[in-house]
K.L.:
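Starting off with a structure, shown below.
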2 protein chains.
Amino acid sequence: MNRYKAPTIVQLAKLLGVAPSTVSRAFTDPGKLLPETVDRVRRKASEIGYVPNNHARALITGRSSIVGLIVPDIANPFFPPILRQAQRTAEEQGLSLILADSDGDPERELQLVGRMTPQVEGLVLAASRLPEKSLVTIAERLPTVLVNRDVEGIPRVLVSADEALDLAVATFVRDGHRSLAYVGGPPESWSNAQRASRVERSAREHGLPMARLEAPGGTYSEGFDVARAVTSAGATAVIAFDDVIAHGLISGFQAAGLSVPHDVSVLGCDDTLSTTTYPPLSSISLDLRGAGRLAVETLRASAGPSAAAPARFELEGKLVLRGSTGRAPER
Amino acid sequence: MNRYKAPTIVQLAKLLGVAPSTVSRAFTDPGKLLPETVDRVRRKASEIGYVPNNHARALITGRSSIVGLIVPDIANPFFPPILRQAQRTAEEQGLSLILADSDGDPERELQLVGRMTPQVEGLVLAASRLPEKSLVTIAERLPTVLVNRDVEGIPRVLVSADEALDLAVATFVRDGHRSLAYVGGPPESWSNAQRASRVERSAREHGLPMARLEAPGGTYSEGFDVARAVTSAGATAVIAFDDVIAHGLISGFQAAGLSVPHDVSVLGCDDTLSTTTYPPLSSISLDLRGAGRLAVETLRASAGPSAAAPARFELEGKLVLRGSTGRAPER
DNA sequence: TTGAAAGCGCTAACAG
DNA sequence: CTGTTAGCGCTTTCAA
């Protein structure tokens, strides 16, 4: 119905009385042309609405100008900032981003990778749930960058809460807390393992007893429900895998008649909720946008003929203390 | 670096001793071949890892198997469900989805459309901020579906809160409220205009005075700040453009020592926060996923040679009463 | 600095 | 039912 015939390079060339190759060069390698010619071509092009056909270009160059991005769950507030910045960066580089959501299912993720492979020139896998072996195989046939997944030999960018977590534990100790709880999130998540072990280590170093609790679905209501387990463990400070769980915890405590932070301190992670809780949630702010940008920049770099070792970037988060944490209650 | 040479149709054909077109047909039109041949081709294909080259195919058919989706702000919880379901539906149809975020800026949006046009076979514009004229032009050259934008002549799917809003106003009246406030969101948003005028109309019909307030950025903190204006307007019930603003309002009231819903009732819209506020937010639940699905299905349909009138779908939301609304305070 | 010509991998008539 | 033959729109040697 809407058959709108886009102008081709030949039409434009004819119109200008030059060869198609000249037009081509005006777009792909302007340095090889007289600036004047480049100008003339470009002007006319935008006048008649000529845009190079990506498919024809991809066919010959083998580069599709498309990168794929797979996330486990778009609706999780952790990902939009990454996604957004990745898209923006791609755009700056003249790339398009195709997106897919694996639903946290490794099989589905693998399938998506398979579908994307023939049409993308690179892949960004965020918080991948795939086994290392699969990732290595994928990275062998397609430039691949991992976000928040640390696999030797594959370029990766990690947003880390490690140092901030150490600081948080130290702060709790200084504020008189004598018992800590950590509420974990999705067990398949690399970040989850990372954070849990870091808090554990930190607590041990401080001689602080730590209870390990779980909210495997990473939901608000799981956080709500797990609050009572925190109290019965006798912890006066909780660190949650993420803000959503932390938010649930706060509500759970309030529903149980406990005051935050007077009776119990709650620390979230990711800082996705900013100040939309009451009391405002202390959290760990991560450079998600930076990660999005870095991921596609790294992809770009690793797609080139560089023989450099696969990059590994670690972006440290910052502890942000707001109203949900404070001194331990007097006993 | 990873120069992996994919097998071509010619190689596969030679290997099988058939013509390239036969291989082609085995993938694009198997009905025209002996089932046995199809099988032989497919088997060998997956054996040597042959996958049709999308770009070559797109070049000749003019169909790229890619659809573009543009949203004003991925981070807004309104869009992920749409996006997610759109992607999933596209996938089912063998399409890929390329995504872009316009940042709510019409100029940027137009630019994005321009960049996408040559490589997509259709466009979904969600909550577009473009003037009608631009939209019409776009839809003329490319199959286009609008989400939450109502332009005559262009296929669109609208998620509407209208009936639920009527019901909400009626409920407020029945519960003894004598003065209402509506807090609007982004002024460029079609939904905003839609909802505001519907509430206004409904209030008028009920003889209920209504104050019109604004939170143009649609943020939590704007909601928080506007709470005082609601009280000074004397309203005992507020309807907010969306849940985020409503959430801010609740906090604002609480900070001012007012109890929700005892002193003031708060109704959100979109139901994106579910029960993560205290008290749990009454809201209007919209079929966002349905909209995502319908959008790409409609796109698919309208890309065909149908001469049917552009479809217009309206998905009505449901009023969900939770703890943030109730009877008007006794005076 | 520019032009001519040869395909990239695939599909779509048209034959057979 | 299968093969042959032209290109789709573009980039890229190779000449001029």
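As a basis for the values below, the full set of heavy atoms in this structure was taken, side chains included, without hydrogen atoms, waters or symmetry mates. The structure displayed is predicted, hence computed values, not measured ones. Naming: A, B, ... by sequence-line order, numbering from 1 per chain.
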K.L.:
Under the side-chain contact (heavy atoms from CB on, under 4.5 Å) test, which residues partner I60(B), sequence neighbours left out?
P.N.:
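None.
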K.L.:
Minimum heavy-atom separation for S189(A) and R129(A), please, with both atom names.
P.N.:
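Scanning both residues, the minimum pair turns out to be CB-NH2, 3.4 Å.
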K.L.:
Please report the interatomic distance CD1(I138(B)) to CD1(I70(B)), rounded to the nearest 0.5 Å.
P.N.:
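Going from CD1 on I138(B) over to CD1 on I70(B), the span is 7.5 Å.
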K.L.:
Walking along DNA chain D from 5' to 3', note the first and the last nucleotide with an atom under 4.0 Å from a heavy atom of chain A, and give both.
P.N.:
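So the outermost contacting nucleotides come out as dG9(D) to dT13(D).
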K.L.:
Taking salt bridge (charged side-chain N to carboxylate O under 4.0 Å, His left out) as the test, write out the residues that go with E36(B), two or more places apart.
P.N.:
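With neighbours one apart ignored, the set is empty.
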K.L.:
Test of understanding: with side-chain contact (heavy atoms from CB on, under 4.5 Å), list the residues that count as partners of D73(B), not counting sequence neighbours.
P.N.:
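D73(B): side-chain contact (heavy atoms from CB on, under 4.5 Å) contacts with R84(A), A75(B), N76(B), D101(B).
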K.L.:
For T272(A), what residues pass the side-chain contact (heavy atoms from CB on, under 4.5 Å) criterion, not counting sequence neighbours?
P.N.:
P77(A), D243(A), D270(A)
K.L.:
With sequence neighbours excluded, what pairs up with E132(B) under the salt bridge (charged side-chain N to carboxylate O under 4.0 Å, His left out) test?
P.N.:
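Partners of E132(B) under the salt bridge (charged side-chain N to carboxylate O under 4.0 Å, His left out) test: none.
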K.L.:
What residues, two or more places apart in sequence or in another chain, satisfy side chain to side chain donor-acceptor pair (under 3.5 Å) together with Q93(B)?
P.N.:
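Expected list: R300(B).
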K.L.:
Keeping the roles fixed (side chain from R312(B), backbone from P310(B)), state whether a donor-acceptor pair exists under 3.5 Å.
P.N.:
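No; zero donor-acceptor contacts below 3.5 Å.
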K.L.:
Is the closest basic N to carboxylate O distance between E297(B) and R293(B) below 4.0 Å?
P.N.:
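A salt bridge is present here (some side-chain N lies under 4.0 Å from a carboxylate O).
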K.L.:
With sequence neighbours left out, what residues match V38(A) under side-chain contact (heavy atoms from CB on, under 4.5 Å)?
P.N.:
P30(A), L33(A), R42(A)
K.L.:
Any protein N or O atoms within reach of nucleotides 6-9 of chain C? Criterion: under 3.5 Å, listing atom names and distances.
P.N.:
residue, atom, partner, partner atom, Å
dG9(C), N2, A56(B), O, 3.4

K.L.:
Describe, as an angle rounded to 10 degrees, how the axis at the first end of the helix from dT1(C)-dA16(D) to dG16(C)-dC1(D) is tilted relative to the axis at the last end, five pairs per end.
P.N.:
30°
K.L.:
For DNA chain D, which residues of residues 21-35 of chain A approach it to below 4.0 angstrom with any heavy atom?
P.N.:
S21(A), S24(A), R25(A), T28(A)
K.L.:
Sequence neighbours left out, what passes salt bridge (charged side-chain N to carboxylate O under 4.0 Å, His left out) with E152(A)? Give chain and number order.
P.N.:
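Salt bridge (charged side-chain N to carboxylate O under 4.0 Å, His left out) list for E152(A), sorted by chain: empty.
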